[in-house]
S.K.: 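So that we are looking at the same thing, I have put the structure below in structure tokens.
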Amino acid sequence: YFISGGYKNESGIYSHSSTTYKQYNFRAKFDVKLLKDWVKVTAQYSGLYSKKKYPTIDVSQLFGWASMVVPTVADYWPTGEPGPAFEGGVNPVVNTSYAAGYRKTDSHKDQTNFQLDITPPMIKGLTISGSFNYDVDHINYKEFNKPWILYTLDVANSKKDSNGYITNDGAVLIPSKNGYDNPQLNQKNNYIKKYTYTASANYGRTFGNHNFNVFAAYEQYNDLDSDFSAFRKYFVSDLLEILNAGGEKDKNNSGTESI
């Protein structure tokens with residue numbers, strides 16, 4: 001027998017730790033010989049489970065925006081609020097975090113195989129084999145977008161010291177909502193099952209200078225592929241990230257299944 005397992009945990013380069021990837025994998029194989037070794041049974045299993053969670057903005061866009069930020073513009077104000085938007089309501093320090101939402105993918109993959117080999121000693125040259133394979137892929141994707149708040153300095157109404165500089169405790173900040181008018185949820189689910197059956201028989205003998213061989217095989221393959229997706233917006237709050245909490249207006253559902 002053979003058994004192995006693994007675990008992987010990776011994070012991105014953002015200071016918010018808003019990029020995570022976790023993976024769990026397991027493999028096992030068992031070989032069993034029966035009836036004086038002329039019956040062999042093999043069972044194998046391989047499983048993989050992964051979890052990915054990222055911000056809603058692609059990495060290429062974030063790095064592009066970050067390279068365009070003016071160095072003299074505050075990323076965070078001294079009182080802790082994020083700085084102003086500079087293009088399309090984006091501020092990299094906010095959009096690299098989950099403050100603007102997230103994209104999450106949970107994936108399960110299971111692969112199972114059973115193999116049977118029979119070489120009966122009472123019939124020399126005969127080999128009978130059969131196998132069954134069962135594979136499952138399950139992917140659940142969830143994207144939740146929500147507005148984010150950025151702050152612009154109100155220079156005219158901020159308090160200044162004797163030199164005309166704005167003091168940290170005297171800064172007046174104007175909040176502004178960016179991105180979406182209200183939270184939005186896009187959820188997808190894909191489920192795939194695959195079955196493969198095989199059976200074969202081979203008979204081969206040598207009689208003097210003559211070789212005799214007969215082979216027969218059968219294979220059957222079935223699969224089931226189903227997917228479902230739904231979209232909701234007009235969430236009253238971003239604390240309930242479920243479809244039922246979304247509004248009825250502009251909602252969308254779709255699904256397919258193939259056999």
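Atom set for the values below is all heavy atoms of this structure, side chains included, hydrogens, waters and symmetry mates excluded.
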S.K.: Flag yes if more than 12 heavy atoms outside Y165 fall under 6.0 Å of its OH atom; otherwise flag no.
M.R.: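 Counting other residues, nucleotides and ligands, OH of Y165 stays at 12 neighbours or fewer.
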S.K.: Taking atom types as modelled, is there a side-chain donor on N145 or R103 under 3.5 Å from an acceptor on the other?
M.R.: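 N145 vs R103: no donor-acceptor pair found between side chains.
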S.K.: F132 vs F114 aromatic rings, parallel, tilted or perpendicular, using cut-offs 30° and 60°?
M.R.: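 F132 and F114: parallel rings.
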S.K.: State plainly whether one hydrophobic cluster holds both L35 and I123, where clusters connect Ile, Leu, Val, Met, Phe, Trp and Tyr through side-chain heavy atoms under 4.5 angstrom apart.
M.R.: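 L35 clusters together with I123.
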S.K.: Using a cut-off of 6.0 Å, state whether more than 12 heavy atoms not belonging to Y1 lie near its atom OH.
M.R.: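 No, the 6.0 Å shell around OH holds no more than 12 heavy atoms from other groups.
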S.K.: Quick one: which of Q111, K193, K194, K109 gives a side-chain hydrogen bond (donor to acceptor under 3.5 Å, both in side chains) with D137?
M.R.: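 Exactly one candidate clears the test, K109.
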S.K.: Can you tell me which residue pairs pass the side chain to side chain donor-acceptor pair (under 3.5 Å) test with a partner in residues 236-249, sequence neighbours excluded?
M.R.: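 Every pair satisfying side chain to side chain donor-acceptor pair (under 3.5 Å) with a residue in residues 236-249: Y102-E241, E248-K251.
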S.K.: Any donor-acceptor pair under 3.5 Å linking the side-chain atoms of Q115 with those of D117?
M.R.: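 A donor-acceptor contact under 3.5 Å links the two side chains.
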S.K.: Go through the side-chain N and O atoms of Q220 and Y218 and say whether any donor and acceptor fall under 3.5 Å apart.
M.R.: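 Side chains of Q220 and Y218: pair found under 3.5 Å.
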S.K.: Can you tell me how far apart CG (L48) and NE2 (H108) are? Round to the nearest 0.5 Å.
M.R.: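 Those atoms lie 10.0 Å apart.
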S.K.: Say whether, by atom type as modelled, one donor and one acceptor occur between the side chain of W148 and the main chain of G89 under 3.5 angstrom.
M.R.: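 Indeed, once roles are kept as given, a pair shorter than 3.5 Å links the two residues.
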S.K.: What pair of heavy atoms forms the shortest contact from K160 to V155, and how long is it?
M.R.: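 Heavy-atom minimum between the residues: NZ-O, 2.9 Å.
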S.K.: Mind checking whether Y49 and Y45 sit in one hydrophobic cluster, side chains of I, L, V, M, F, W, Y counted as touching below 4.5 Å?
M.R.: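 Looking at the clustering, Y45 is in a separate group from Y49.
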S.K.: Is it true that the NZ or CZ of K53 lies under 6.0 Å from the centre of Y98's six-membered ring and within 45 degrees of the ring axis?
M.R.: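 Yes, K53 sits over the ring of Y98.
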S.K.: Has the side chain of N91 got a donor or acceptor atom that lies under 3.5 Å from a matching backbone atom of P84?
M.R.: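 Flag set: sc N91 to bb P84 pair under 3.5 Å.
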S.K.: Taking the side chain as every heavy atom from C-beta outward, state whether L150 and V90 have any atom pair closer than 4.5 Å.
M.R.: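 L150 does not reach V90 side chain to side chain.
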S.K.: Which residue pairs pass the side chain to side chain donor-acceptor pair (under 3.5 Å) test with at least one member in residues 28-42, sequence neighbours excluded?
M.R.: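 Residue pairs passing side chain to side chain donor-acceptor pair (under 3.5 Å), neighbours aside: D31-T42.
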S.K.: How close do R27 and S46 get, heavy atom to heavy atom, and via which atoms?
M.R.: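 Of all heavy-atom pairs spanning R27 and S46, the closest is CG-OG, 3.9 Å.
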S.K.: I need the minimum non-hydrogen distance between N25 and Y7, along with the two atoms involved.
M.R.: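 In this case the closest contact between N25 and Y7 is OD1-N, 4.2 Å.
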S.K.: P55 and T19: which non-hydrogen atoms are nearest, and at how many Å?
M.R.: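 Smallest interatomic distance, heavy atoms only, reads CD-OG1, 3.8 Å.
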S.K.: Please check this pair: side chain of W77 against backbone of L173, looking for a donor-acceptor N/O pair closer than 3.5 Å.
M.R.: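 Side chain of W77 to backbone of L173, a donor-acceptor pair under 3.5 Å: no, none is there.
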S.K.: Mind listing the closest non-hydrogen atom pair of A230 and N186 along with its distance?
M.R.: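 Heavy-atom minimum between the residues: O-OD1, 3.3 Å.
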